[in-house]
Amino acid sequence: MYYNNLNIKLTENTDTVIWKYLDLSKFLDLLLSQKLFMSRSDKFEDQYEGTFSEPTYEEIKKLAINNPDFINYYKTHREKIAISSWHINEYESFAMWQIFTQNSEGLAIQSTIGRLQKSLHPETNFKQYIGEVNYIDYKKEYIPFDDSFFPFLFKRKSFQYEREVRVITDVTEHNIKLNDGLKINVNINELIEKIYIHPKSENWYKNLVIELVKQLGFDFTIEKSDLESDILI
């Protein structure tokens, strides 16, 4: 079930536009399974994922002097958390195309905060939150640890360009071992507002995506990215 935690930062504007940039195989997997893949938190490239800043860690070490399991809990907890990352931006991002899609055969899902919230199936019995990531200086700034979700909503300032909003799922209360991640049920038609095809893709690729989506029974609006539109001079 999706919980609303008042301590987790999230814009109240449900029309805020969000994006997910991905390759065709991951997109087709989403449509075929009608499940959203979430990565296990300690499998991300950023090794700091789900860890604490230095000021917070110093405080935790003091608390752990008489309770060594305190730190171990936070270490193992990372294996029980799965994350789906989305990019907040009113417009397409050239940088996101470069980082998250290979060659010219990628696409972007355009959605909104409200659509993402509504697309999550209420019958899931995992603890689930949606929150915006805070970007801080890990050497100086403090990460609260009164909620076990907080470490997953902070990243180093060097990742600020990601402007990330996250769906976070906690399977701690269930006898589930996450390998690479977790797939959760989503309402695809609610989740996806529009599809954008990679700006450097050929017309045949756009037509292929349109045909595949049609054969799978969906009718999203599919457009070629306008980042490579003709120069008017």
Write out all pairs satisfying ring pair (Phe, Tyr, Trp, His ring centres under 6.0 Å) with one or both partners inside residues 185-209, taking only residues at least two apart or from two chains.
W19-Y196, W97-H198
Between T11 and N13, does a side chain to side chain donor-acceptor pair (under 3.5 Å) hold up when you go through it step by step?
CA-CA 5 Å; T11 176; N13 181 5; 5.3 Å; no
Could K62 and E59 be called an ion pair, given the rule that one side-chain N must be under 4.0 Å from one carboxylate O?
no
For K157, look at atom NZ and say whether over 12 heavy atoms of other residues, nucleotides or ligands are found less than 6.0 Å away.
yes
Please answer whether the main-chain N or O of Y138 pairs with a side-chain N or O of Y48 as donor and acceptor at a distance below 3.5 Å.
no
Does the distance from a Lys or Arg side-chain N to an Asp or Glu carboxylate O, for K194 and E223, drop under 4.0 Å?
yes
Could you grab the distance from atom NZ of K61 to atom OH of Y57, nearest 0.5 Å is fine?
5.5 Å
Please report the shortest heavy-atom distance between K9 and V133, naming the atom on each side.
NZ-O, 4.0 Å
Examine L32 and I184 and state if one hydrophobic cluster contains both, with Ile, Leu, Val, Met, Phe, Trp and Tyr joined whenever side-chain heavy atoms are less than 4.5 Å apart.
yes
Working to the nearest 0.5 Å, report the span between CD of E49 and NZ of K155.
5.0 Å
Closer than 4.0 angstrom, basic N to acidic O: yes or no for D42 and R40?
yes
Kindly write out the residues that satisfy side-chain contact (heavy atoms from CB on, under 4.5 Å) with S33, not counting sequence neighbours, or none if the list is empty.
D29, K35, K183
Mind listing the closest non-hydrogen atom pair of V171 and I176 along with its distance?
CG2-O, 4.3 Å
Rounded to the nearest 0.5 Å, what separates atom CG in L107 from atom CZ in F100?
14.5 Å
Carefully, step by step, assess V165 and T16 under the rule side-chain contact (heavy atoms from CB on, under 4.5 Å).
CA-CA 11 Å; V165 62; T16 298; over 6 Å; no
Around atom CD of E202, are there more than 12 heavy atoms from other residues, nucleotides or ligands closer than 6.0 Å?
no
Taking the side chain as every heavy atom from C-beta outward, state whether F27 and I109 have any pair of such atoms under 4.5 Å apart.
yes
Is the closest side-chain donor-acceptor distance between S85 and E164 under 3.5 Å?
yes
When you measure from the side chain of K177 to the backbone of E79, do you find a donor-acceptor pair of N or O atoms at a distance under 3.5 Å?
no
Looking only at non-hydrogen atoms, find the nearest pair between M38 and V167 and report the distance.
CE-O, 3.0 Å
With side-chain contact (heavy atoms from CB on, under 4.5 Å) as the criterion, how do L22 and T101 come out once you've worked through the C-alpha distance, each side chain's angles and the decisive distance to 0.1 Å?
CA-CA 6 Å; L22 67 175; T101 61; over 6 Å; no
Mind checking whether V213 and I195 have side chains closer than 4.5 Å, heavy atoms only?
no
Any non-hydrogen side-chain atom of K26 less than 4.5 Å from a side-chain atom of K20?
no
Please report the closest heavy-atom contact between K206 and I222, naming both atoms and the distance.
CE-O, 4.0 Å
For T56 and I143, indicate whether the former's side chain and the latter's backbone hold a donor-acceptor pair under 3.5 Å.
yes
Tell me, do L212 and L31 make a side-chain contact under 4.5 Å, heavy atoms counted?
no
Just checking, any donor-acceptor pair under 3.5 angstrom between side chains of S25 and D23?
yes
Restricting to non-hydrogen atoms, name the atom on S41 and the atom on F152 that form the minimum distance, rounded to 0.1 Å.
OG-CE2, 3.3 Å
Quick check: are there more than 12 heavy atoms from other residues, nucleotides or ligands sitting under 6.0 Å from NZ of K200?
no
Let's go through R156 and D46 carefully: what are the C-alpha distance in whole Å and the side-chain angles of both, what is the deciding distance for side-chain contact (heavy atoms from CB on, under 4.5 Å) to 0.1 Å, and is it a yes or a no?
CA-CA 10 Å; R156 290 170 294 159; D46 180 16; 2.6 Å; yes
Verify, without hydrogens or angle tests, whether S53 (side chain) and E141 (backbone) share a donor-acceptor contact under 3.5 angstrom.
yes
How far does CG of L30 sit from CG of L191, to the nearest 0.5 angstrom?
6.5 Å
Taking C-beta and beyond as the side chain, do F220 and I188 meet within less than 4.5 Å on heavy atoms?
yes
With the 4.5 Å side-chain cut-off for hydrophobic clustering, are I83 and F37 part of the same group?
no
Got I88 and V17 here, is their nearest side-chain heavy-atom distance under 4.5 Å?
no
State, with a plain yes or no, whether a side-chain heavy atom of L153 is found less than 4.5 Å away from one of I168.
yes
Rounded to the nearest 0.5 Å, what separates atom CD in E105 from atom CG in L24?
7.5 Å
Shortest non-hydrogen separation from E190 to S119 and the atoms involved:
CG-N, 3.8 Å
Evaluate the side-chain proximity of P144 to F154: yes if any heavy-atom separation is below 4.5 Å, no if none is.
yes
Report the residues that fulfil ring-ring contact (aromatic ring centres under 6.0 Å, His included) with Y73, sequence neighbours left out, ordered by chain and then residue number.
H77
Would I99 and Y161 count as a side-chain contact (heavy atoms from CB on, under 4.5 Å) here? Give the steps.
CA-CA 11 Å; I99 294 166; Y161 65 89; 3.5 Å; yes
When rounded to the nearest 0.5 Å, the distance separating CG of L216 from CD of E211 is 10.0 Å
Using modelled atom types only, decide if a donor and an acceptor are shared between the side chain of R78 and the backbone of K43 within a distance under 3.5 Å.
no
Check whether the side chains of S111 and E193 place a donor and an acceptor atom closer than 3.5 Å, and report yes or no.
no
